[in-house]
Structure formats: structure tokens, C-alpha cells
There are 2 protein chains.
Amino acid sequence: MAAPVQKTYDIYATLPAQIAVRIGQAIVENEFKPGQKLREVDLAGAFGVSRASVREALRILESEGLVTILPQRGAQVTALSAAEVEDIFDIRAQLMGLACERLVAALPPAGRPELERLCAELERSLDDAEAYARASLAISEFCVRNAGSRRLADLILSFGRQTARYTKLSLSTSDRRRQSIANWHGLVRSILAGDAKAAEGFARQLVFDTRDTALSMLADGMAKQG
Amino acid sequence: MAAPVQKTYDIYATLPAQIAVRIGQAIVENEFKPGQKLREVDLAGAFGVSRASVREALRILESEGLVTILPQRGAQVTALSAAEVEDIFDIRAQLMGLACERLVAALPPAGRPELERLCAELERSLDDAEAYARASLAISEFCVRNAGSRRLADLILSFGRQTARYTKLSLSTSDRRRQSIANWHGLVRSILAGDAKAAEGFARQLVFDTRDTALSMLADGMAKQG
DNA sequence: CTCCGTCTGAATGTCGACATTATTAATTAC
DNA sequence: GTAATTAATAATGTCGACATTCAGACGGAG
């Protein structure tokens, strides 16, 4: 008797899920600003669906941390304090370390050239902040999705999306991109060499560096404002 | 100018949240079994509310991992494979390590006697599996909630609830409870001594031991069935 | 006897309307 | 002129009904 087939259900199947994806993109790409109110009637009108579907979409986005719902007061784009940004980066660093430590054993042989290709793509994108952000996300996603745990991957990528705007901020200078690439090189080398502990270290450092830059840039921004 | 007051909104305020709490309790306490279907109409009738409220409640529980929603096929109590149980324990061990490492610096002086009291409560409950499970949850929650990150605490406790039935299974023998207490003693001692690295180690070991026992008991159960 | 297609019943998906609550603007008292 | 109160507005909370899709029973062909 063969094992029962694990059917995969397309999360885009339902209407609320589609709405959630589109609103989520707008948030991650900073079209919807932190703190901005998301009125159900407005969104329902914009997407041509009923409020019920929008409500479900907002619940989905709340579970991803992109939206904050306050009872009787509606939904708004989650606005993070500097302390919260730091907190999320710290947790993600820990989880990214775990994922990359696992990746060393879990990466199938066929994934090795793909890993090198994604790393080369990083170097090609060194002069273009937008392209580098995309390439960085691509190799991160590849590593995390091949670490053997769907749950861990979703968690890390969810935290990544919550702080996407700060990561992008952090990678806006070429100096930082060079520092980032150095870490990625170390990580890829460790993975290909089978050194799990070193991989964990590089993965965590990668996130820590991003965190430190983002926080200092935020602090500068605050200093200018206040 | 004083900082604006951060209002706290009671998550029990809305009807769906109340429904979610009650269904969630039933799941954690194993009254609703893994894989059991949760029909919206049934639940709506049982709680005397409309389907819309039940739907929102089920979404909340899905975000906590207690319920799995399959598009067009409804909700059911999340059923975890042995591999998934192991995965959750592993992630929780990592996060618990991080939390307890932070706790060493974050625990306010007033929390020290409380920590010792909760530890003593563990010993008092050594002969009663039910009481020990409660005491274990209490000290875990205390540690995690005083580690300085609401986000991290919620995450750890959420994973804990998802595997609550297996933790309970693991702590069903007095031998295991003695092993658990030894780890808790080590953890509390490390915290009070200010040794963050040792605290991290004990915290992880605590979860690892629970994982190992639960998995071997699950394997035995499977062997009997198959 | 087995397998496939159809059909029936029941569940979820989606919607619009009403009830309730928060916000804001106007008004009045001081 | 300011502050507190109140009324109007606009948002969310909750509900019942209709549309759509899925699971299983039934029946017929091979």
C-alpha cells in the first residue's frame, strides 16, 4: 500500500487570500505606510468585494504581523518601534542560525549549483540597491526553504517581511552591500564545506549586521526629526 | 511632554476572540481530538452565535496553529506527524534558550523570590502529573514573559500550546518529572547566578528532554498500532 | 465484482443589511 | 476663549440568506 498523497491546496484559492496577498504586497513595498488605517469599506470598494472578504484578508495579514487589528477600532499597517524592530531582527537571527545549521545536512546535492548561482547573482547586483534586495531575498528564501522545516521557513520569512522596509534601508549603501556579500560568501562556503557551526555563525551575523545598520539609520532619522 | 499612554485592548473584547479561547481550551485539553472536523454550523449552534463569528474564531486559532483550515473543506483540529512534533520542539528549544538567556538580564529583582516559589511548587507537585503539568506551565510562562519580548513570549507559548498534549504525555512518569525538575533547578540556579550561557543551555535541554521522551512514547504507540 | 459517472445532501464561500461603538464636530456653559 | 458635553457621522461588530463547491451514496456499464 502506497503512502496517501499529500494534496497541496493553493492558498490563492479563496478570495480573502488573494486580497491578503495584494494588500500584503502594498505594505511590504511601502505603498501603505506604517500606522496607516485600513478601512474595510475602502478596501472592499477598491477590490470590488464585500467587507466580509476584506475582514478575513485583514485577519490573515494580522497573523503575518503586517497588520494590527484593534477591537472596535479597525485595522492599520503595523507600526514598529525601534525596540520592536531590534527584537524581530534578534529573533530572526536566532532562527536563521538554526535554519542554516540544518541546511548543511538538508541541502540536496542538486541544490549546490543553485546556491552558487544565487550567490553570484548577489555580486552582479552590487551596484543596484533594488536588484540587490531582490537577490538577497532570493538566496535567503532558498536557504530557508531547503532547511527541512516548512514551519521554520514560514516563520523566518514572515519576520523578514515584517522588517522588509528596514532591511531595504540597511542595504541602501554599497558599503553595506559589500559587507553583506562577505557574509554570504562565508555562509555559502561553510554550507558547501559541511561546517554547520560556521554556517550558523555567518547566518546570525548576516542578520545582526543588517539589524545594526538599520537601527543606527533609524536613530539618525529620529535625531533629525526630534 | 510625557510619553503617550499605550492603551491595552482586551483581546477578549470581541465575540470571535471569546469563541476562539473556548475552542482553543478544548483543543489543548484534548477534548477535541487531532484531525477532528470543526463544522461552523455546529459550533455556531453550540455557542449561540452566527457562523461569521465562528469563522473569525477559527481564523484566530489557525494563526495559533491549533486549527488547520483547508479551502473549501473546512477546519479541523491540527494533527501533527511525529516529524512535525519534533520540529516544533526543536524550534521551541532554540527560542526558549534565547528567552532564558535574555531573562538573566531582564528579570527584575522582585521576580527572584517568585521564581524560587514557582520552582518549589514544581517539587510539591512531583507525585501528581496533572499538578506538575500546571506548575511546569506556570514557571515556563513566568520565565518567558519576563524575558523582555512580548513577541518572543507569544511565539514560545504558542508552540507550547500546539504540543501541549505531547508535553503532558512526556511528563506522565515520575522519573521524567524528576529529570525535568533537575533541569529546572539548574536553570533557576543559573538565572539567579547571572550565568546567561548556562541558563540558555538548561532551557534548551529542558525542551530537548521533553521532546525525546514524547517522541519515543509516540514511536512505541505507533509500534503497538502498526 | 469493480470501476466510473451522476446525483443528492451538506458543508463552506460570499454577500448585503442592521446593530453597536468610536470618532469628530458642533454647541453650550463657564 | 477654553473646556466639557452632546449630537451627528462613520466606522466596525454581528447576523441571516443565497451561491458555490465538495463528499459520499446510488446506479449503471464493462
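Just so it is clear: chains get the letters A, B, ... in the order the sequence lines come, proteins before strands, and each one is counted from 1. Since we're looking at a predicted model, the values are computed, not measured.
In this structure, the CZ atom of B:R51 is 11 Å from the C1' atom of D:dC18, given to the nearest Å. Rounded to an integer number of Å, the gap from CG of B:L70 to C1' of C:dG13 is 15 Å. B:L15 has its CG atom 13 Å from the P atom of C:dT20, to the nearest Å. The separation between A:Q76 atom CD and C:dA22 atom C1' is 14 Å, rounded to whole Å. One atom, CZ of A:R55, and another, P of D:dG13, lie 4 Å apart when rounded to the nearest Å.
Taking the charged nitrogens against the carboxylate oxygens, A:D128 and A:R134 have no contact shorter than 4.0 Å, which rules out a salt bridge. Between A:R59 and A:E56, none of the side-chain N atoms (NZ, or NE/NH1/NH2) sits under 4.0 Å from a carboxylate O, so this pair counts as no salt bridge. In summary, B:D90 and B:R204 do not engage in a salt bridge, as defined by a charged side-chain N under 4.0 Å from a carboxylate O. Salt-bridge annotation for A:D154 and A:R145: present, with a side-chain N of the basic residue lying under 4.0 Å from a carboxylate O of the acidic one.
Which of D:dC15, C:dC15, D:dG13 sits closest to the side chain of B:S53 comes down to D:dC15. The nucleotide whose nearest atom lies closest to any side-chain atom of A:Q72 is, among C:dC15, D:dT21, C:dA22, C:dA22. For B:S50, taking side-chain heavy atoms from C-beta onward, the closest of the listed nucleotides C:dG13, D:dG16, C:dG16 is D:dG16. Out of D:dC15, D:dT14, C:dT14, the shortest distance to the side chain of A:P16 is found at C:dT14.
Each of A:K37 and A:V49 has a nearest nucleotide on DNA chain C; the 5'-most of these lies closest to A:V49.
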* Nucleotide-resolved protein contact map, nucleotides 5-11 of chain D, B/S/- at heavy-atom distance under 4.0 Å -> ------S

* Between A:T210 and A:R176, does a side chain to side chain donor-acceptor pair (under 3.5 Å) hold up when you go through it step by step? -> CA-CA 8 Å; A:T210 307; A:R176 260 288 295 148; 3.1 Å; yes

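Annotation: side chain of B:R117 is not in contact with side chain of B:P113 (no heavy-atom distance under 4.5 Å).
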